[in-house]
Amino acid sequence: MILIIAALALWAIMWTVNVRLANGESAGTSTVRLLVPLLFGLTLLAMWELVVRGLELPIVILPAPSVIAERVAGSGPTLWVDFKQTFLKGALGGYAIGCTAAFLTAILVDRWDFLRRGLLPVGSFVAALPIVGTAPILVMWYGFDWHSKAAVVVLMVFFPMLVNIVAGLQDTTQMQRDLMKTYAASYWQGLFKLRLPAAMPFIFNGLKISSTLAMIGAIVAEFFGSPIVGMGFRISTSVGQLALDMVWAEIVVAALAGSAFYGVVALIERRLTFWHPSQRR
Amino acid sequence: MRTILPVAVVVAAIVAFWYLAAIPMNIHFAVTSAQRAGAEVTPESGAERRNMGAIALAARNPAQWTDSWTQAKPRLPVPHQVVAELWRTTALQHPASKQSLVYHGWVTLSATVVGFAIGTGLGILLAIGIVHSRAMDMSVMPWAIASQTIPILAIAPMIIVVLNSIGVQGLIPKAIISAYLSFFPVVVGMVKGLRSPDAMQFDLLKTYNASRSETFWKLRLPASAPYLFASLKVGIAASLVGAIVGELPTGASRGLGARLLTGSYYGQTVQIWSALFATAILAAALVAIVAGIERATLKRMGLAT
C-alpha cells in the first residue's frame, strides 16, 4: 500500500516539476526539451516498478522493469542470436532487396506514362492491404529459415516504396524540366541531376515507413514457423511458457533496434536532403 | 477514363503473370500425377524430375500445363480457384456456419471496429490534452512519435495470453491490440490538425474575445477534420492488421487470422489465399467507407468540392 501511495506521490511531484519546466522561462532551450520527456519516461518506469511491487503482481501478468532489465543483462547471448536472425538477416535483408526492387521498378514505371497511370492506383491499393497475411504462404514456399522472413519484408516494403518513389520522380516543375532540356540533357542526365535529387524527400519518407514495416514483417512472419532462433519465435514460445520477462526483454531489443533503424535512416536523410524546407533549422 | 484503361491493363497483366507463374510452381506434382494416370511425360524417372528445375520441366511437358491449374492443394493456386473458393465459402454457406468466410470475417471485423473506436476516441482525447497543455505536449509527444518506430505488433501475443490468464477472452484482447495500433496515428494526425489554423485565425478569435472552449469548437476542431480523416484511414487499416495478428498466437479457431493459421497447418493453400483475399476486400471496404464519410463531411464543411 505504501508503495502505491509512493507511486502516486511521485507522479504528482513529477507532474508539478514538468509543468513548472514547460511553462517556465527556459522552456524553449534544448536542455528542457530533452529533460521533460526524459523525466516523464523515467517517472513512468519508476511508477511501473512501484505499482508492480506494491500490488505484488505475479510475473505472468506484468514483470517489474528491474526484473526485465535483469533478464536483458542475463541473457545477452540469446538475445544477440535472435537479433542476428530476425533483424540482421530477415528484416535488413528483405529491406535491402525490397527497396532496391522498388527503386528499379519505379525508374522503369516512370519512363512510360501509361504504366505509371496503371501501376500507381494498384500500388497504393496494395500498400493499404494487410500484407503480413502472406506470411504463411511465403513460409511454405521458402522454408522456415530467414529467407521466408526476408520475402515477407520484401512484399511489405515494396509497394509503399514504389508509390513514394514514383510520386517523388514527378515532383519537378515544368520550368525545371525545360531548363534541363535547354541544356540538351539526356534522359539519364535529367534523371540523375534533377529528378532523383528532387525525389529524395519522398524516397526517405518511404524508407522511414518501410523501416518500421520491415521489423513488423520479420517478427510476425516468425509466428508462422521458424527455426529455433529469432525474436518472433522467442516471443511466441516464451509466451507459451509464461516467461514474460523474456518476452519483455525481446520487446526491449525490438524497440531499441526499431528506433535505431529509424534513427539511422533519419540521420542519412538529414545529411542528404539538407536543402529541403522540412530539414531547415 | 484516363486511369481505367491503364489500371485494367496492369491488372490483366498481373493475372496473366499469375497463371504463368503457377505452371512452374505446380508442375512437379502435375507431371507426377499425370504419369500415375498413364500419360506420357518426359523424363520418365521420378528421381530425375526431382533434380530438374521447375521451368525446364514445364518446358518439356506442355501437355500438363492445364493440370497445374486444377490441383486440390497446389503450391500456388490460380485466380479462378481462389475466386471459386471465395464464392463457395461465402455465398453457398450459411453465414453462421464455421465453414463460412462471412462468419470468420464478422469475428475479425467486430474486433477491428471496437478496437478502432476505442483507439480513435482515446487518441482524440490525448491530442486535445496535448494541444491545450504545454507540459503534456513536451512530456508525451516525443514518446508518441518514438513509439511509431517500434514494432508494436510484437507484443500482440503477450497481450492475448496475459488477458487470457486473468480470464478475459474473445473479442476484447483483439480489440485492445487494434486500439493500440490505431491510437498513435490518430494522436499524431490530430495534434497536427488541431494546430493547423494559422496565427491570423487565432488572433481573429482573440479579438472576438473567444474563450478557450469556443476557440476549440469553432476553430480548432473544424480545422482538424482533414487531418483526422487522413489518420483514420491509416488507423482502420492498422486496426484490421492488429485484429488478424491478434488471432494468430493462441490458436484461435474463429476469425480470418485463424483461417490463415489453420490453412498453413494443413497445407490448404486455397483456403489461405481465399482468407487473404477476404482480408484484402475487408481492408479495401473499410478504407473506402472512411473515405466516403470523409468526402461527405468535407463537402458539407465546404473544405472539398
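We name chains A, B, ... by the order of the sequence lines, and we start the count at 1 in each one.
Within the 4.5 angstrom heavy-atom criterion, atoms from both the backbone and the side chain of Leu119(A) approach chain B. Neither the backbone nor the side chain of Val234(B) comes within contact range of chain A; no heavy atoms are under 4.5 Å apart. Within the 4.5 angstrom heavy-atom criterion, no atom of Leu282(B) approaches chain A. For chain A, the nearby part of Thr269(B) is the side chain; its heavy atoms alone come within less than 4.5 Å. Both the backbone and the side chain of Ile216(A) come within less than 4.5 Å of a heavy atom in chain B.
Listed options Val9(B), Leu240(B), Leu163(B) were ranked by heavy-atom pairs under 4.5 angstrom with chain A; first place goes to Val9(B). Heavy-atom pairs under 4.5 Å with chain B were tallied for Leu115(A), Ile251(A), Leu256(A); the largest tally goes to Ile251(A). Comparing Trp141(A), Trp248(A), Tyr262(A) by how many heavy-atom pairs each has under 4.5 Å with chain B, the most go to Trp141(A).
Counted within 6.0 Å of OH on Tyr142(A), heavy atoms from surrounding residues, nucleotides or ligands total 12 or fewer; the atom is thus considered open. Taking a 6.0 Å sphere around CZ of Phe114(A), one finds it holds more than 12 heavy atoms contributed by other residues, nucleotides or ligands. Shown here is Trp106(B), whose CH2 atom has no more than 12 heavy atoms of other residues, nucleotides or ligands within 6.0 Å.
In this structure Val270(B) satisfies the side chain to side chain contact (heavy atoms under 4.5 Å, CB included) test together with Pro74(B), Pro77(B), Glu85(B), sequence neighbours excluded. In this structure Lys233(B) satisfies the side-chain hydrogen bond (donor to acceptor under 3.5 Å, both in side chains) test together with Glu294(B), sequence neighbours excluded.
Of all residues in residues 283-291 of chain B, those placing a non-hydrogen atom less than 4.5 angstrom from a non-hydrogen atom of chain A are Ala283(B), Ala284(B).
Val7(B) and Pro121(A) make their closest contact through CG2-CG, 3.7 Å (heavy atoms, listed as atom of the first residue, atom of the second, distance).
Taking the side chain as every heavy atom from C-beta outward, Leu44(A) and Trp143(B) never approach each other to under 4.5 Å.
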Kindly list each side-chain donor-acceptor pair under 3.5 angstrom involving residues 133-140 of chain A, sequence neighbours excluded, with atom names and distances?
residue, atom, partner, partner atom, Å
Thr134(A), OG1, Ile131(A), O, 2.7

